[in-house]
Amino acid sequence: MAAKTAAGTIEPKKGLRAFISKNTNLVTFVSLAILLGLLTRGRSFEWPSVRNLMIAESVRAFAALGVGMIIITRGIDLSIGYVVCLVASVAASFAQTSDYTAALYAGRDFPLWLPFLAGIITGGLFGLLNGVLVAYGRLPAFIATLGTMSVARGFQLIYTKAAVVGSLKDSYKTISQGSLGPIPNLALYVAAACVVIWVLLRHTKRGTNFYAIGGNAMAARVSGINVERETVAVYTYAGILYGIAGCLLAGRLGLANALTANGMELDAIAAVTVGGVSQTGGVGTMSGMVIGVLTLGIINYGMTYLGVDSYYQLLVKGFIIIAAVYFDMKKYARRS
Amino acid sequence: MKKLIVALLILVVAFGAFGQAKPVIGALIRNLDEQFVADYAANLKVLAAKAGVELKLLDSRSDQATQLDQLNTLITQGVKYFVIVPNQTEATEQMAKAIKAVGGGAAFSNIQPSVAALKVGPNFFLASSPESVAGSIQADIIDNYFKKNPAALAPGKTINALFLLGQLGHPAQKYRTEAVKNGLKAKGYKLNVIAEDTANWKPDEAQQKMDAWIAAYNGKFNIVITNNDGMALGAVESLLTAKYTKADAKDGTILKVPVLGVDATQVALKSMAEDKLYATVLQDSVGQSSTAFELALAMATGKYKPGFKAWGLSPETKPGSEAPANDAAVIGQCYLVPFKAVTKENYKSFMTK
Amino acid sequence: MSDAGLEYVLEMVGISKSFPGVHALDKVTLRVKPGMVHALMGENGAGKSTLMKCLFGIYREDEGEIILKGSRSKFHSAKDALEAGVSMIHQELSNVPERSVSENIWLGREPLRRIGILKFLDHRKMHDDTSVLMKSLDMDINSSERMGGLSISKQQACEIAKAVSYDASVVVMDEPSSSLTETETAHLFKIIRNLTAKGVAVIYISHKMSEIFQIADEVSIMRDGKMIGTHPVADIDEDALIKLMVGRDNTHRFPPVESRIGELRLQVKGLCSSNPRSFRNVNFELRRGEILGIGGLVGAQRTELVVSIFGLRQVSAGEILVDGERVLVRSPRDAIAKGIALITEDRRGSGIFPLLSVTINTAVASLGSYLNVARFLEHRKIEAESQKLNEALRTKTPSMATQIQNLSGGNQQKVLVSRWLMTMPDILIMDEPTRGIDVGAKYEIYSIMADLARNGKSIIMVSSEMPELIGMSHRVMVLCAGRHTGTLEKSEATQESIMRLATQFE
C-alpha cells in the first residue's frame, strides 16, 4: 500500500515489505508450503504428494475460476455445489457401461463426447439462468443463485431418482484419472483453463469490462458497457466451468450421486477470497485464484496428512475464510 | 498477519503428529455426523488403543472426492492397511485398486463394496451388514405386527404407509426403503404409499412433515415407516401432539398406528419402554468395527490367512442373495455381521444401564 | 457565550502531520475568532482537509496542539468534537434519508419521556424543539418531512441546524455551496450571518472567490501543506488571493475561446422526458466548434436533459438529429457510436473506477477500437494512447498503473476527459466539469475545452457557476423547472440575464 500525499500523488514503497504487501497470497502460500514441508520432514515436497495435491484441487480450481470471475464483477454464486452435482450426474448417465442393468439408459452405448457435451450444456444453461436473473431480473445475486441452487438439486434428484449413477466406462474414467507421464491429466486441464481465463481477463475487452462492472457499475454503463449482457456472460462462463468441473469429477470418482460436490461453493469462494479476489468487486487475477485454491488445498492436505480431526478442520477452514475476508475488507473498504 | 494465524493453528494441531513405529492402520470414515458411523469410529479407537496400533482416522464428511484425497494422502504416508466406511459402493473398486498398488489391503463396512472391489485381490473384505437387511427386518417386524393385529390392515391385505426418508440419494435411505417395500410385497401385502418424503434424518423435519400429514391424511394410514430412529421419534412426537393415541397399549404402542425406526439408539429404546415407538432395528456398530479392525490388524501383522476368524465370525462359504456375498469367487472374503430386530420382547437387553 | 472574552475561540498551533514520504502539514497555525467567518483557501491537496481531519481526530497530528476556548483539547472522533461544540458540515451529506428531519437532528440523543420505568421517544418535544430551532435560524423546513425528500440545500440547512442544536461554537463548512444555486447560496449566507451574530465562528472552505468576498471576514491561505498567511478580507483582492493560492500570477480566469463556428451538428427537437416532472419540449441546436452552456437553478433538470440525450434515461417524445440524421439513442452505447460523450457530474458515483488503473480508466470506453485480428486487446497501443492523452491534458500521476483513487479530484477529472477524448467524439457533454476542482486545475480544464472547440469539437457544458457559463460559452441556454426559458448569445449573457431566465417559473 502506498500513502497518499498532499499533492495527490503517491510514493510507492520499495523492497521486501512492498513485495509482501503486494503479493500477500503468494507469500502466504509459500510460507505454508515450507511449514508443511518441515512438519512432514520433507515428504510433502515429494512428487507423489505434489501429485495428490494437484489431483485433489483440480476440480475445485475450475469452480474457483468461475466464481472468481463472478466476484470480480461484484456478484456471487451459491449454486456451484449443486450445479456441479447435477452436471456430474448428467455426464455420468451418458457414460455408464452398456451392460450395467441399473444404468439410467441401460443397454445404450453413447460416444465419449456426449457426456461432456451434455454436462457442459447443463452447466452453461444454469449459468445463463443465473446471469439472466441477476442482470435482467434484477435479483440480488445472493438470492438468485440460492434459488437456482435448489432448482439444480431438484433436477438432480428427479433425473437420477436419487440413485447413484455408477459403473462408468473405463475410457471415460481415464480422461480424469489418467496421466501424461508423471503429470495427472486433471492438472493439464486446469492449466489449459488457466490460460484461457488469463487471456480472457487480461487480453479481451470483455475481461476488462468485468473489472469495470465490478469497480463501478454505473460508471461502466456510462462508458457504454452493456452491463446486462456482460453480467449474463460472466455467469454463463462460470456455468461452463462448473460444467467441465462436473464432467471431470464424475470421471474421477467413477460415479455421481446426490452428495457429489456438496458444499463446493464454500470451498471455491473461500479459495478465491484467500487468493485476493475482493468481495468489493473489480479486483482479482487468474493467478491469485489459483494460488488461493492451492493455499486452501495445502491446508486441507496438511491437516489430512497430520491427521487433524475433521471437526477441527472445519474450524480452521472457517477461521481462514473469516480472516481472508477481514483483511480484504480492511484493504479495500477503507474508502467511504 | 493472515499467514501467522494459519501457521499458529497448524502448529497447534500438528503437535503430537510425530509418530513412532507402531503398526499403522488407516480408517476412512464416511461421515461422523451419523450416529452409527460415530459409534463405529469410537469403537475403532478403543480397539486400536488396546492393540497398541496407531490409528489414522479421517472423516470425509459424505464427500467421495474427499475420501479419495484422504486415501491418497495416507498412501503417500506409507499406510497400507485400511478400515473403510465408504461413501458409495461404486467407489470401492477404485479405492481397492489404489491400495493394491502399494501391496496393502482393506476391510469395508456399512456400505457394501462391489464384487469387483473384492476381486481386486484376496486382501479386500466385506465386514458389514448390508443396509437392505435393515429394511428386510423392518418388513419382518411389520408382518408380525399385522399377523397379531389383522384388524389394523385395510381391506384387501393393504398397508397404507407413510414413509419418512433419510437424505435422498444416501445409500442407507435408498437400500433400507427399497428393502422394506420389496419385503412387504414379497410377503403378499398390497403396499399403498399414502405419502413419502425426506426429512434428512432429522427429528424436527420429520415432526413438521408428520404434522402436515396428520392434517391431510387423518385416519387414512395404518403405519409409519422411517429410515432412522431420529425421524421415527420426530413422527412419534407429532402423533402425540395431535393426540393420535388410543387408551391402551395392547398392541405394543399407545399410538393409533405403529412407528418403526432403524439404529436402536438409546433414546429410541427409552421411547419403546414408554410404549411410544413400536420397534427398531439394530445395526451392530461394535460387531462391524471389530470384524473390520481385526481383519486389518491381521493383515498388518502378517497373521492373516484364508479362513481367518474375525470377531469370532468365519467368512461365508456359500454365496447368498445379496452382492457382494453372492459371488463364489470372493465369498471367502465376506464376513456378514448380523442385524437384529429390536422389539418389545428383547429391547431391554440393548439398553445401557 | 462563556468564551466571549477570549480573542480566539479555536487555535491550532504548529500542527504537523506526515505520511510516509511526504509532509502533508508543516507547522500549520490557524487562529479563529468568535463570531467571524474565517475562509480557508488553497488548491486541492494544499492540506485543508488534512488539517480539518486533525481537528476532528480522524488523523492524529505528529506535533502541535489544538486549543478550544482557551483549553487544550483532543478529540478522538467527530462525535467527541460535536459534543465539545465543534461541528462539520460535509461536502457529502451524511444523514438518514428514510427518517424525518427532526429524527435526524436529534439522532442519538432523542428526548425521552418516562412512563413508570419505561422510556419512550418524546416525538412531540422533538418536533417542537426542531420547529423552534428552524425558526431561530430562519429556515423554512417542516420537521416531520422525510430527509431524503428534501432538496440538497435544505438537507444541508438541516445539518447546520443540527450543529447549532449542539450549541456549536465552531462550525466547519467544507464546500457547502458546491451543489447549491445562487439563490440557495444566498440563503446559506443568511444562515451563516445568523450564526455569526450568535457568536459562532465559521470556518468556510471554498474554491469560489466571489463567495469569499461576500461572506468571509478573514481568509487563510494554504499551499503545499504550509500556511501562507491570514488576511482580513477587506485588505485583499481576488487577483492577490489567487496569486497566493497558486503561487503564480493568474490574471486571466478563462482562456480565450477562439474557435470557428461551423455547420450544424446536433439538433434536439421537442424532447420530453418520460418522467413527467422532468424536462419537456426542449429544443436546441449545437454547431461545430461551439461551446453551449446550460444554466439553471438546482431542479432545472439540466442533468436529466443531458443524460437523456446520452441514452441513460428514457424520453417520451421528441427527436435527436446528429449531422442532420435522426438517431435513436436508447443506451450510452448508441450515443457513443454516434460520437457523443458525457462526463457526468458525479465523479465518484458514475465516473471513475476507483480501484482500477489510470490506463484502464482512460481506455474503458474505447476498448473496442483497440482489438487486433484475434479480438485481443492491443495493450501497447492502449497504454501509449492513454498516456499521450493524459500527458496532453497534463494529468499528474505517479504512473499510468496507479489506481485512480490515489489522484486528486482535478487529475481524476482530466483522466475522465481523456477517457472521452479517446472515443473521438464530435460532441462532448460536460456536466459540472470543474466541480470540486482547485483554481489551477480549473484553468487547465477550461484550456482543454477551448482547444477542443478550436479543433472542431462541439461541447455542451452544464454548470452552476455563472462566471464559468459566461466566460466559456458561445451561447448559454437556460432551463427553469424543466422548461427551456431562453438562450443567450455571448454578448447578452450576464449574471442578471441568466438569473432572469432561470427564475422564470410558470
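Lettering of chains follows the sequences in order, A, B, ..., and the numbering in each one begins at 1.
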A.B. asks: Would C:L312 and A:M218 count as a side chain to side chain contact (heavy atoms under 4.5 Å, CB included) here? Give the steps.
C.D. replies: CA-CA 10 Å; C:L312 275 167; A:M218 192 59 214; 4.0 Å; yes

A.B. asks: Please flag which part of A:A217 lies under 4.5 Å from any non-hydrogen atom of chain C: side chain, backbone, both or neither.
C.D. replies: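 Neither the backbone nor the side chain of A:A217 comes within 4.5 Å of chain C.
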
A.B. asks: Compare every heavy atom of C:R333 with every heavy atom of A:N226, then report the nearest pair and how far apart it is.
C.D. replies: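 Minimum heavy-atom contact is ND2-NH1, 3.1 Å.
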
A.B. asks: Can you confirm whether the side chains of A:S223 and C:R419 place a donor and an acceptor under 3.5 Å from each other?
C.D. replies: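 Yes, C:R419 and A:S223 have a side-chain donor paired with an acceptor closer than 3.5 Å.
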
A.B. asks: For the backbone of A:R202 and the side chain of C:H379, can you confirm whether one donor and one acceptor N or O come within less than 3.5 Å of each other?
C.D. replies: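 At least one qualifying donor-acceptor pair exists.
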
A.B. asks: State the NZ-OG distance between A:K205 and C:S369, to the nearest 0.5 angstrom.
C.D. replies: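 So the gap between those two atoms works out to 8.0 Å.
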
A.B. asks: Identify which one of C:V364, C:D346, C:T344, C:L416 satisfies the side chain to side chain contact (heavy atoms under 4.5 Å, CB included) criterion when paired with A:V222.
C.D. replies: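 Of all the options given, the one that passes is C:T344.
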
A.B. asks: I'd like to verify something: which residue of C:D334, C:L367, C:L371 has the highest number of heavy-atom pairs under 4.5 Å with chain A?
C.D. replies: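 That would be C:L367.
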
A.B. asks: Quick check: closest heavy atoms across C:P354 and A:G215, and the distance to 0.1 Å?
C.D. replies: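 Scanning both residues completely, I find the closest heavy atoms to be CD-O, 3.8 Å.
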
A.B. asks: How long is the gap from OG1 on A:T208 to CD1 on C:I360, to the nearest 0.5 Å?
C.D. replies: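 It comes to 5.5 Å.
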
A.B. asks: Output, in order, the C-alpha distance, side-chain angles, deciding distance and verdict of side chain to side chain contact (heavy atoms under 4.5 Å, CB included) for C:L355 and A:T280.
C.D. replies: CA-CA 10 Å; C:L355 295 171; A:T280 57; 4.2 Å; yes

A.B. asks: Highest number of heavy-atom pairs under 4.5 Å with chain C: which of A:G282, A:A219, A:A212?
C.D. replies: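 Ranked by heavy-atom pairs under 4.5 Å with chain C, first place is A:A219.
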
A.B. asks: How about C:K442: does its NZ atom have over 12 heavy atoms from other parts shown lying under 6.0 Å from it?
C.D. replies: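 More than 12 within 6.0 Å, yes.
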
A.B. asks: Kindly give the heavy-atom pair with the smallest separation between C:F353 and A:N216, and that separation in Å.
C.D. replies: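 Heavy atoms of C:F353 and A:N216 come nearest at CE2-O, 3.3 Å.
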
A.B. asks: Taking atom OH of A:Y326 as the centre, report whether more than 12 heavy atoms of other residues, nucleotides or ligands fall under 6.0 Å from it.
C.D. replies: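 Counting other residues, nucleotides and ligands, OH of A:Y326 stays at 12 neighbours or fewer.
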
A.B. asks: Considering only heavy atoms and a distance below 4.5 Å, find which of C:A341, C:G351, C:A365, C:S350 pairs most often with chain A.
C.D. replies: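 Max contact count across the listed options: C:S350.
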
A.B. asks: Side chain, backbone, both or neither: which part of C:Y370 has a heavy atom under 4.5 Å from chain A?
C.D. replies: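 The answer is neither part of C:Y370.
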
